[in-house]
Amino acid sequence: MSWQSSYKHKIVTAEEAVGHIQSGNRVVVGHACASPEALLSAMVENKDQYRDVEIVHMVSMGASAYCLPENNPHFIHNSIFAGPTSRQAINQGRAIFTPCHFSQIPKLFTDRILPVDVTLCMVSPPDEHGMCSFGISVDYTKPAAESSRLVIAEVTPHMPRTLGDSFIHVDQIDWIVETDARPTILNPPTITPTDEAVGGHCAELIRDGDCLQLGIGAMPDSILGFLGDKKDLGVHTEMFSDGVVDLVEAGVITCSRKNLHPGKMVATFFMGTEKLYSFVHNNPRVAMYSVDYTNDPRVIAQNDNLVSINSALQVDFSGQVVSDTIGFNQYSGTGGQLDFVRGATWSRGGRSILAFHSTAARGSISRIVPCIDRGASVTTPRADVHYIVTEYGVADLRGKSVSQRAKALIDIAHPNFREDLRREFENLYLKDNPFLRPMPEGRRSGYWPHEHDGDYLKQLAV
Ligand code: COA
């Protein structure tokens with residue numbers, strides 16, 4: 001049978017398609033803005049037919065009605081990255097959370113650690129070869145579909161046809177639901193003066209010819225706004241948004257100095273507006289791969305001068321970075337932060353940047369703290385961290401002792417909190433320490449405890 005006839009035979013309604021899901025199945029859902037919303041609403045409407053269907057995915061950008069309390073006996077959401085519509089369910093104990101680096105998620109499915117019964121995804125219409133593109137979400141969606149017992153695809157002409165290793169053949173799809181749905185839109189964040197200050201400091205760390213990774217949140221967009229005078233930037237990232245399109249059109253991003261995939265922007269998913277989605281459609285300068293490739297630190301490190309830019313919620317004096325929990329509450333997920341921090345560390349000339357506002361909760365909390373909150377989880381360990389950036393400047397933590405890190409971090413904390421932080425520092429590291437003595441003559445950076453000398457105390461007081 002030709003793929004064209006097989007395609008026609010597989011077309012069903014959304015209600016018919018979700019009728020193939022069975023109680024107790026594990027269902028993997030297409031990621032982020034490529035979430036197949038028509039299939040998901042049909043599944044939730046059909047809920048009385050199921051019990052304990054496990055819904056696995058990362059960033060939830062859609063309605064996530066399966067997370068609502070009234071749908072609880074029918075579904076259990078297993079989240080790998082909390083989003084606005086799943087966060088409450090996780091923190092109220094109605095959903096579960098599985099920590100995993102983004103690069104490792106495909107392995108959960110392909111190695112049958114979490115065997116997949118059904119994949120629900122959104123793809124572009126088939127091309128003349130019968131190939132549908134996973135479009136703006138290749139990441140774990142493609143490996144899940146490839147290792148799944150059943151693949152149900154929402155096919156819409158609005159899904160961009162992205163290129164690279166981003167395709168599935170019609171023969172690999174079991175049921176097709178044709179819709180006119182558009183991928184979810186993520187509007188660019190409003191950039192505040194504080195974002196701009198952080199962005200300006202980050203831009204100072206970026207040089208012509210660097211290859212960029214851009215994380216989630218307002219920070220990456222505000223940094224892009226400061227890169228207009230750079231030359232020949234490259235992109236090897238897990239995701240990007242609209243801001244990158246402007247820099248390509250301005251001739252700033254050319255990828256001409258990349259040594260891995262020269263000339264191409266490499267990514268695994270996109271979140272943005274129609275502007276971004278039209279830009280990536282059929283664009284040979286954009287190459288999409290599964291996340292086990294894009295986020296493998298060994299692959300990332302093959303790009304020289306790789307600069308990773310991500311954000312965080314809290315950092316302690318020793319440099320431990322918390323980016324996905326607020327105390328015991330799950331805020332987001334590990335994502336690809338450590339994948340890229342490590343890839344950047346191993347890249348020749350590479351640098352990793354973790355950038356955030358110095359305060360949270362409308363200025364009432366310092367994000368730079370002596371110790372991380374009880375219940376919080378470390379996303380980037382202190383031995384991996386490199387640059388920390390706030391609106392007050394840059395702390396380069398690499399090669400610094402714990403007490404030197406504390407000092408560098410206090411220097412970029414919000415002025416309202418510096419005095420308290422200094423007092424905490426003295427209590428933790430200096431008070432009643434019988435070993436304190438002056439730093440040996442000519443010694444610029446000593447090992448603990450030698451560095452806790454009088455001069456150092458004086459420096460802290462400045
Ligand atoms: N204590 C209490 N609340 C805090 C806090 C802290 N230490 N730090 C932040 N918050 C609050 C903020 O006030 C804000 O609340 P609001 O929405 O009510 O104003 C909220 O938490 C979110 O903080 P913000 O810094 O604005 O988040 P963001 O949207 O810019 O995202 C991360 C930042 C760190 C959550 C996000 O980058 C992330 O999830 N990173 C982990 C994964 C990763 O980096 N992956 C790589 C790219 S996918």
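Remember, it's 1-based here, ligands and their atoms both numbered in the order they're listed.
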Notebook entry, point to check: Restricting to pairs with a member in residues 287-313, which pass salt bridge (Lys or Arg N to Asp or Glu O under 4.0 Å), not counting sequence neighbours?
Noted result: Asp296-Arg298, Asp304-Arg348
Margin query: If the condition is salt bridge (charged side-chain N to carboxylate O under 4.0 Å, His left out), which residues does Lys275 pass it with, not counting sequence neighbours?
Written below: Asp246
Checklist line | Pair Asn295, Gln104: side-chain N/O donor-acceptor within cut-off below 3.5 Å | finding: no
Margin query: Quick one, Phe102 and Met239 - any side-chain contact, counting heavy atoms below 4.5 Å?
Written below: no
May I have a table of the N/O to N/O pairs between ligand 1 and the protein that fall below 3.5 Å, each row giving the two atom names and the distance to 0.1 Å?
from, atom 1, to, atom 2, distance (Å)
ligand 1, 7 (N), Leu313, O, 3.0
ligand 1, 8 (N), Leu313, O, 3.4
ligand 1, 13 (O), Ala361, N, 3.0
ligand 1, 25 (O), Arg367, NH1, 2.9
ligand 1, 25 (O), Arg367, NH2, 3.0
ligand 1, 37 (O), Ile216, O, 3.2
ligand 1, 39 (O), Ser332, OG, 2.5
ligand 1, 44 (O), Gln337, NE2, 2.9

Check: Can you list every salt bridge (Lys or Arg N to Asp or Glu O under 4.0 Å) pair that touches residues 115-125, not counting sequence neighbours?
Finding: Asp117-Arg149
Note to self: I'd like to know if Asp316 and Arg382 make a salt bridge, using a cut-off of under 4.0 Å between side-chain N and carboxylate O.
What the structure shows: no
